[in-house]
2 protein chains.
Amino acid sequence: MPHQPTAFRIAIDLAVLTIRDGHLAVLLIERGQPPFEGRVALPGGFVRAGEDLDDTAVRELSEETGLDGRTLHLEQVRTYATPGRDPRGAVASVAYLAIAPDLPMPMAGTDAARARWEPVDHDRLSHGWLAFDHDIILRDALERARAKLEYSPLATAFCAETFTIGELRAVYEAVWQVRLDPRNFHRKVTGVSGFVVPTGAQRNPPTGRPAALYRRGNATLLHPAMLRPDNGRQ
Amino acid sequence: MPHQPTAFRIAIDLAVLTIRDGHLAVLLIERGQPPFEGRVALPGGFVRAGEDLDDTAVRELSEETGLDGRTLHLEQVRTYATPGRDPRGAVASVAYLAIAPDLPMPMAGTDAARARWEPVDHDRLSHGWLAFDHDIILRDALERARAKLEYSPLATAFCAETFTIGELRAVYEAVWQVRLDPRNFHRKVTGVSGFVVPTGAQRNPPTGRPAALYRRGNATLLHPAMLRPDNGRQ
DNA sequence: GCAAAAGTGTTTTGCTTACACCCATGA
DNA sequence: TCATGGGTGTAAGCAAAACACTTTTGC
């Protein structure tokens with residue numbers, strides 16, 4: 001056979017999302033060496049011998065950001081291997097989507113010093129915001145997250161252990177970039193079996209009536225689904 | 001740095017689906033050499049230098065099965081790289097889902113002689129039906145196909161250029177493994193804007209009233225969606 | 001009392017289901 | 001004429017959207 005398989009290095013790139021100040025934010029690393037030195041990029045790194053892809057994702061998340069991937073929602077999105085996508089040669093990238101609650105930023109020690117949360121800039125996205133082809137990777141990861149909010153309880157992964165319905169609504173509003181009716185949202189969420197369960201406790205907002213606190217339920221699929229407004233309008 | 005990135009070869013594995021005799025079928029290859037000689041596996045092959053993943057998928061589809069990937073629905077599903085998944089060493093596999101109409105089997109020439117359609121065996125699936133980890137890959141690809149029938153016009157990719165509503169219903173029934181009410185299905189499909197458009201022509205079934213023929217519309221998302229019966233029942 | 005956020009009730013509208021019923025053909 | 005699949009009508013039930021209204025806090 002004349003054609004030999006090419007040898008690739010395989011990188012994991014992480015699109016780590018959270019909600020900060022009511023806005024969707026992504027965890028970025030300022031690159032300290034070429035290629036793309038000084039530019040911002042998704043955190044990531046190479047798969048090592050004997051490592052499964054999920055393991056690499058957890059390890060890189062810890063090394064580069066200080067976050068514990070075992071407690072976060074973490075899922076594979078897709079793989080990119082367009083020739084020339086990495087100036088260092090034949091590097092395939094397996095993209096992962098991670099969802100984190102609004103954590104204190106510390107991420108002490110190690111390489112995490114270069115990590116920071118940045119609001120997702122929908123204008124600059126796909127127009128040279130991030131290094132490599134990370135604009136495309138982030139766009140695909142965002143679309144995955146948006147889609148999964150509809151039929152899975154993924155939104156609770158953006159929240160702390162306990163949360164109010166208003167906080168959950170803020171997640172949907174930030175990720176979908178829409179305004180939702182608080183009254184209908186409340187009824188819809190509490191009507192989906194296994195989505196959220198009341199803890200009995202309450203929390204006082206700065207002003208206003210105290211909100212009941214909830215924790216994640218055990219549903220893995222939402223029924224009925226939380227459909228995006230205007231979803232599919234031609 | 002003590003840890004070097006491992007070098008991988010990257011394979012594309014194809015889950016090519018069609019409907020044959022009212023049943024969901026997958027295209028399999030009987031392996032002619034070790035490892036897993038004599039066992040059946042998904043068709044596939046290695047990514048070559050300078051090739052994008054989609055290109056490899058199209059090329060392998062043509063070489064191993066005689067099908068033209070440029071005219072088929074073809075989409076990436078996910079990547080598998082669990083250590084030890086391939087006895088030949090560090091081989092990552094990028095799985096693709098392909099959908100074909102019920103084509104005449106010829107697939108003349110080349111390696112396609114070893115290719116054959118097999119009904120999807122849901123019992124043996126995940127219990128050592130296919131070589132490598134292809135049971136898992138096929139299961140994931142099937143789940144992708146099942147999910148996409150709900151919100152995308154993917155079902156038309158199983159049909160020829162023109163088709164009847166009954167044929168389209170047979171696709172949903174075969175992929176979802178359910179019975180659907182023909183009357184309600186007809187109304188639902190024709191009510192989704194851009195899903196199917198009437199050609200004006202008709203076709204006579206062996207017995208019964210002639211059926212109107214349709215072709216694919218230009219919708220990329222179905223609204224309202226074709227929800228799976230019982231979808232999400234706890 | 002006022003502002004603000006939480007939460008309930010009600011109406012309208014649209015989709016889904018179940019099923020009765022009619023249509024057009026081959027044998 | 002009968003069997004068979006194609007296709008329409010209709011009513012019940014669930015879910016979504018819009019919005020009036022009440023509750024409970026901090027100031």
Side-chain angles (χ1 to χ4, degrees), chain A residues 22 149-151 159 162-173 176 178-214 219 221-234, chain B residues 22 149-151 159 162-173 176 178-214 219 221-234:
Chain A
L149 286 201
E150 292 199 309
Y151 58 87
C159 298
T162 65
F163 49 88
T164 68
I165 300 297
E167 286 166 352
L168 192 61
R169 180 166 46 83
V171 171
Y172 278 90
E173 293 185 330
W176 283 349
V178 294
R179 301 295 295 172
L180 298 173
D181 185 302
R183 294 126 348 151
N184 291 333
F185 183 86
H186 186 282
R187 215 185 345 233
K188 212 189 281 194
V189 165
T190 53
V192 175
S193 82
F195 191 8
V196 298
V197 296
T199 65
Q202 295 198 329
R203 171 186 299 166
N204 282 15
T207 172
R209 172 174 170 178
L213 285 170
Y214 294 81
L221 243 51
L222 303 187
H223 185 77
M226 306 284 298
L227 296 180
R228 260 184 279 195
D230 254 350
N231 186 16
R233 245 293 152 269
Q234 285 290 87
Chain B
L149 286 201
E150 293 200 308
Y151 58 87
C159 299
T162 66
F163 49 88
T164 68
I165 301 297
E167 286 167 351
L168 191 62
R169 179 167 46 84
V171 171
Y172 278 90
E173 293 186 330
W176 283 349
V178 295
R179 301 295 295 172
L180 300 173
D181 185 302
R183 290 107 22 132
N184 291 334
F185 183 86
H186 186 280
R187 214 180 352 229
K188 211 189 279 196
V189 165
T190 52
V192 175
S193 81
F195 190 7
V196 297
V197 295
T199 64
Q202 295 198 329
R203 170 185 300 166
N204 282 14
T207 172
R209 172 175 169 176
L213 285 170
Y214 293 81
L221 243 53
L222 303 188
H223 183 76
M226 306 284 299
L227 296 180
R228 258 183 281 195
D230 256 347
N231 185 15
R233 248 287 154 273
Q234 285 288 89

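Lettering follows sequence order; numbering is per chain, from 1.
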Send over the distance from [X] [atom1] to [N] [atom2], rounded to a whole Å.
X        : N      : atom1 : atom2 : value
B/Gln202 : D/dG6  : CD    : P     : 12 Å
A/His186 : D/dT23 : NE2   : P     : 16 Å
A/Asn204 : D/dT24 : CG    : C1'   : 9 Å
A/Leu180 : D/dC19 : CG    : C1'   : 16 Å
A/Arg183 : D/dT22 : CZ    : P     : 14 Å
B/Asn184 : D/dG6  : CG    : P     : 14 Å
A/Glu150 : D/dA15 : CD    : P     : 17 Å
A/Ile165 : C/dA5  : CD1   : C1'   : 14 Å

If you find the nucleotide of DNA chain D closest to A/Pro224 and the one closest to B/Pro210, which residue's nucleotide is nearer the 5' end?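 The residue closer to the strand's 5' end, by nearest nucleotide, is B/Pro210.
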Heavy-atom nearest nucleotide on DNA chain C for B/Ala225 versus B/Thr207: which residue maps closer to 5'? B/Ala225
Could you name each residue pair satisfying side chain to side chain donor-acceptor pair (under 3.5 Å) that touches residues 195-204 of chain A, not counting sequence neighbours? A/Glu167-A/Arg203
Any side-chain heavy-atom pair from A/Leu168 and A/Phe195 closer than 4.5 angstrom?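 Side-chain contact under 4.5 Å: yes.
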Taking the side chain as every heavy atom from C-beta outward, state whether A/Thr164 and A/Arg169 have any atom pair closer than 4.5 Å.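 They are not in contact (no side-chain heavy atoms under 4.5 Å apart), so the answer is no.
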As an exercise, state the distance from NE2 of B/His223 to OG of B/Ser193, rounded to the nearest 0.5 Å. 8.0 Å
Going from CG on A/Leu149 to CG on A/Leu227, what distance comes out if it is rounded to the nearest 0.5 angstrom? 12.0 Å
Testing the basics here: between A/Ala211 and A/Pro205, what is the closest heavy-atom pair and its distance to 0.1 Å? N-CD, 4.4 Å
Check this for me: does the side-chain of B/Arg187 come within 3.5 Å of the base of D/dG9 through a donor and an acceptor? yes
Contacts satisfying salt bridge (Lys or Arg N to Asp or Glu O under 4.0 Å) that involve residues 178-188 of chain A (not counting sequence neighbours) are A/Glu173-A/Arg179, A/Asp181-A/Arg183
Any base atoms under 4.0 Å from B/Arg169, or only sugar-phosphate, or nothing? Heavy atoms, all strands. sugar-phosphate
Under 4.0 Å, heavy atoms only, any strand: does B/Pro182 hit a base, just the sugar-phosphate, or nothing?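 Nothing, no heavy atom under 4.0 Å.
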Nucleotide nearest B/Arg209 (side chain, heavy atoms from C-beta), chosen from C/dA24, D/dA20, C/dT16: C/dA24
Looking at five pairs on each end of the helix from C/dG1-D/dC27 to C/dA27-D/dT1, what is the angle between the two axes, given to 10 degrees?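 End axes: 10° apart.
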